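Because the structure is predicted, anything quoted here is derived from the model rather than measured.
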Amino acid sequence: MSTSTSPPTAGITPVFVRLKLSLLRNGLRQSSGRKAAYIASVVVTLLFAALQLIGLIALRGNGHAATVVVLLTGVLALGWAVMPLFFPSGDETLDPTRLVMLPLRPRPLIVALLTASLVGIGPLFTLCLVAGSVVAVAHGGAAVAVGVLAVPLTLLVCVALARAVAAANIRLLTSRKGRDLAVLSGLVIAVGIQVVNFGGQRLSEAGGLSALDPVADVVRWLPPASAIGAVDAVAQGAYGRGAAQLLLAAAALVLLLWSWQRSLTKLMTAPDGSTLQAAEPARKESSSTGLSRLLPEGRTGTVMQRSLRYVWRDPKTKAAWVTSLAIGLIVPVFNALQGTGTIYFACFAAGMLGIQMYNQFGQDTSAFWTVALTISSTRDAYLELRARALALLVVTLPYSAFVTVVTAGLVGNWRALPEALGLSLALLGAMLSTGAVASARFPYSIPQDSAYKNVAPGQAGLAWISIFGGMTASALLCAPLLALTVWLHVTGAHHWLWLILPAGAAYGALITWAGLRFAAPTTANRLPEILTAVSKG
């Protein structure tokens, strides 16, 4: 009589740890460029963690140390929570659907995955910051004892939070539309940097860290920051409050593990409904869209529609556009709100969007061969480049005007609106011109196997030459209009400054046309080299 038993699960934890180490090791073996980038990131992360650890230890004895470390722990937890949403492909082990065919039960699987999740740069960085936070507020033997519990508890809550979020949203994150959530990472980072900058200035004006005490009083009751708050409470002799805060963190860990286990059970037993949706017949006709009716006929309209569809559908192209649109508005607006802005910061929008003209053929990747087949003469190359530039102008022209008007309203300088807009148009024309030349002379591949690599290994030098060389050339091309603007200001001829608007529009159109004409023969003659360069990824 044979008995069927479930496979042993006690020994799967070491297996998953070795699996995580193997994934890291095999990833480094793919290329020397990836290995160098990983080693450099480890060194920079460890150096930054060491500096943060020293800084936190130096806070020991400071009256606002508890406020700083509690808020720091809260920010760390928030980072762990959003990491799976913005970086779904950053860790292959975040996807539990890879394990659904294995005879594993959710509970031991959680233990194994949680242990394997502690291997990596992120957990080490978090451990350093949490340990430094405990050292900063632990005074007395009882506080040190609580700190010994608080450090691993905080780290486990952060890791479990990331895993629970990933498991709950994995169906979305592994779909095509779900991966577009990573597009928001550039926007969030851009907004976050400006918010931190804005908050830092307001904090200095409000009289220092004491302004953050009310916020810290709330955050210290939110796990996992409550574990660090427990150390501070015990150090002050509030043992009851410290025990309650420590129990809150422990309860949060239990709740996250339960939620994670429930999500794993659902993933391993429930069918994926997305396949049913994929089987439905498509009902949208691309040829009947309103956009196609607005664009010109012939090659120009076809290329413009293709370029605009890249912006909407291709995750890499969409990420670049979203980031450029966000930063182009954030920089002038935040500087205006801080009282340090000027209307000329509106040119930043034109500059950020003009960068999208660079490496036009790289975004086509290996599919560029279908475009190359349609280019048999210099005129074909000119029409291709012109249509791509026109597609960019569909967005960049109204956006640059919008940002300039908003900036003028925030800084209260409406008289300078025409000259600022004229300079923006001239800068946009210069970048379209140099972008066309750079696309023909310095094309490079955009890898599709990774959501966060924008240059193929060995082509970083081409990318630097293309972008920064083109930006420098664009600044030089704008020198005549800048000189005219400065001369009108210096001579006091302010009543003629409105001429900068039509002059900038005409000058931008002229240099765009000249750049396209100059890049067309190069594009036609270098089609094999361009195809080879953009297909390396």
| said: Could you work out, with side chain to side chain contact (heavy atoms under 4.5 Å, CB included) as the rule, every residue matching Ala387, not counting sequence neighbours? | reply: Thr300, Val303, Met304
| field | Pairwise side-chain hydrogen bond (donor to acceptor under 3.5 Å, both in side chains) hits with a residue in residues 42-51, at least two apart | value | none
| ring pair (Phe, Tyr, Trp, His ring centres under 6.0 Å) against Phe468, all qualifying residues, sequence neighbours excluded | Trp464
| Can you name the side chain to side chain contact (heavy atoms under 4.5 Å, CB included) partners of Ala505, sequence neighbours left out? | Leu425
| message | Checking Phe48 now: which residues fulfil ring pair (Phe, Tyr, Trp, His ring centres under 6.0 Å) with it, not counting sequence neighbours? | response | Phe125
| remark: Here the side-chain hydrogen bond (donor to acceptor under 3.5 Å, both in side chains) pairs for residues 421-443, sequence neighbours left out, are Tyr358-Thr434, Thr434-Ser474
| Residues in ring pair (Phe, Tyr, Trp, His ring centres under 6.0 Å) with Tyr310, at least two apart? | none
| In chain order, what residues pass the side chain to side chain contact (heavy atoms under 4.5 Å, CB included) check against Ala520, with sequence neighbours excluded? | Thr378, Ala381, Tyr382
Under 3.5 Å donor-acceptor pairs involving side-chain atoms of residues 521-531, not counting sequence neighbours:
residue, atom, partner, partner atom, Å
Thr523, OG1, Ala519, O, 2.9
Asn525, ND2, Pro521, O, 3.0
Arg526, NH1, Ala440, O, 2.5

| Taking only residues two or more places apart in sequence or in another chain, which ones pass side chain to side chain contact (heavy atoms under 4.5 Å, CB included) with Phe402? | Leu329, Val406
| said: Holding to salt bridge (Lys or Arg N to Asp or Glu O under 4.0 Å), I want the full list of residues that pass it with Glu419, two or more places apart in sequence or in another chain. | reply: none
| request: Enumerate the residue pairs fulfilling salt bridge (charged side-chain N to carboxylate O under 4.0 Å, His left out) with a member in residues 372-384, sequence neighbours excluded, ordered by first and then second residue. | output: Arg299-Glu384, Arg306-Glu384, Glu384-Arg388
| note | All heavy atoms of Thr407 vs all of Thr342, minimum pair found to be CG2-O, 3.7 Å
